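What follows is a set of notes on a single structure, which appears directly below.
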Amino acid sequence: MMVGAKVADYSIVLALTGSIIIFMASAVISMALPVRILKHQTVPGSTIIAFGREIGAFFSTPRSRFAILGGSLFWAAAAT
Amino acid sequence: MNKQIYPLLIAQFLSAFADNAILFTVIAMVMQSTQLASWYVPALQSSFLVAFVVLAPWVGGFADNHPKSRVLIIGNLIKAAGAGLLLCNVEPLIAYCVVGVGAAIYSPAKYGILPELAGHEFLVKANSWIEGSTILAILLA
């Protein structure tokens, strides 16, 4: 659909103003989320090894492998 | 699934939509300008991404140590400020870098808040909804 691109082609000022309004709307909606700080678990030992172990878990089942590879391809396509 | 996740889905959709609308707007600004060189568009994208790389060691801790809903608000306000700078004709490389700073602050909080809202039982489902809303926003914008 490229709504943003079409609006930008029509008027840059309108596109920027619209973007600011949308960001503000997102901020206002975020106010409906609960305000709390949860204590996060500390990782024993090396955090890099723990990170590698958790990344490895993503490749443990065919569905998670498919999800990781599909997601990576999408973002790689978006970046190029 | 916890109904508190729906505001997050809407907020994330809107924020991702505006992120991509701004990218296209900045590119349109560059295309309409005769003074800017061909390297400018890649430089713009880099100015956005450099904020992620530079701030990566701190933004996760920032999201952990503050209420994530407030971090989401701060991220959106910084992005809006970046868009405002573009509107005020500030150098696009600087203004778009400010949008990148907002996005870098926003990102860990949007994922970090998921276990708080959905719990571990529905974490995968909640994550898929967030990713789905993001991709839909990107495709629409």
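All chains are named by letter (A, B, ...) in the order of the sequence lines, taking the proteins before the strands, and each is independently numbered beginning at 1. Just so it is clear, the structure is predicted and the values come from calculations on it, not from any experiment.
- The stretch residues 102-122 of chain B places Y106(B), I113(B), E116(B), L117(B) near chain A, each with some heavy atom under 4.5 Å from a heavy atom of that chain.
- For A25(A) against L14(B), the heavy-atom pair with the smallest separation is CB-CD1, 4.1 Å.
- In terms of heavy-atom proximity, A80(B) sits nearest to I20(A) at O-CG1, 3.8 Å.
- Residues I22(B) and F23(A) meet the side-chain proximity criterion, which asks for heavy atoms closer than 4.5 Å.
- Scanning all heavy atoms of the two residues, the minimum distance from F24(B) to G4(A) falls at CB-C, 4.5 Å.
- Using a 4.5 Å heavy-atom threshold, the side chains of V3(A) and F17(B) count as touching.
- Residue K79(B) holds its NZ atom at 7.0 Å from OG of S26(A), rounded to the nearest 0.5 Å.
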Apply side chain to side chain contact (heavy atoms under 4.5 Å, CB included) to residues N76(B) and M24(A) and explain how you reach the verdict.
CA-CA 7 Å; N76(B) 272 319; M24(A) 300 303 273; over 6 Å; no
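- For I29(A) against P7(B), the heavy-atom pair with the smallest separation is CG2-O, 3.3 Å.
- Rounded to the nearest 0.5 Å, atoms NZ (K68(B)) and CG (L33(A)) are 12.0 Å apart.
- Considering only heavy-atom pairs separated by less than 4.5 Å from chain A, the leading option among I135(B), D19(B), I10(B) is I135(B).
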What pairs of donor and acceptor atoms, side-chain ones from residues 64-72 of chain A against any protein atom, are under 3.5 angstrom apart with sequence neighbours left out?
unit_1 : atom_1 : unit_2 : atom_2 : d
S64(A) : OG     : F58(A) : O      : 2.6
S64(A) : OG     : T61(A) : N      : 3.3
S64(A) : OG     : T61(A) : O      : 3.0
S64(A) : OG     : T61(A) : OG1    : 2.9
R65(A) : NH1    : F59(A) : O      : 2.8
S72(A) : OG     : I68(A) : O      : 2.7

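- Summarising the geometry of A83(B) relative to L16(A), their closest heavy-atom pair is O-CD2, 4.2 Å, with the distance given to 0.1 Å.
- Residues V101(B) and V90(B) share a single hydrophobic cluster, defined by chaining ILVMFWY side chains whose heavy atoms lie under 4.5 Å apart.
- For I55(A), the CD1 atom is densely surrounded, since the number of other residues' heavy atoms within 6.0 Å is greater than 12.
- L55(B) and L72(B) end up in different hydrophobic clusters when Ile, Leu, Val, Met, Phe, Trp and Tyr side chains are linked at under 4.5 Å.
- Neither the backbone nor the side chain of F13(B) comes within less than 4.5 Å of any heavy atom of chain A.
- The same ILVMFWY cluster, assembled from side-chain heavy atoms under 4.5 Å apart, contains both L44(B) and I12(A).
- Rounding to the nearest 0.5 Å gives a distance of 6.5 Å between CH2 of W75(A) and CD of E131(B).
- For the pair Q32(B) and A8(A), the tightest heavy-atom approach, listed with the atom from each and the gap, is NE2-O, 4.3 Å.
- When side chains are defined from C-beta on, M31(A) counts as touching I73(B), because their heavy atoms get closer than 4.5 Å.
- With hydrophobic clusters built from ILVMFWY side chains whose heavy atoms lie under 4.5 angstrom apart, L23(B) shares a cluster with L87(B).
- Distance check, rounded to the nearest 0.5 Å: OG1 of T17(A) to CG of L86(B) gives 11.0 Å.
- Residues L49(B) and L85(B) fall into different hydrophobic clusters, defined by Ile, Leu, Val, Met, Phe, Trp and Tyr side chains chained together at heavy-atom separations under 4.5 Å.
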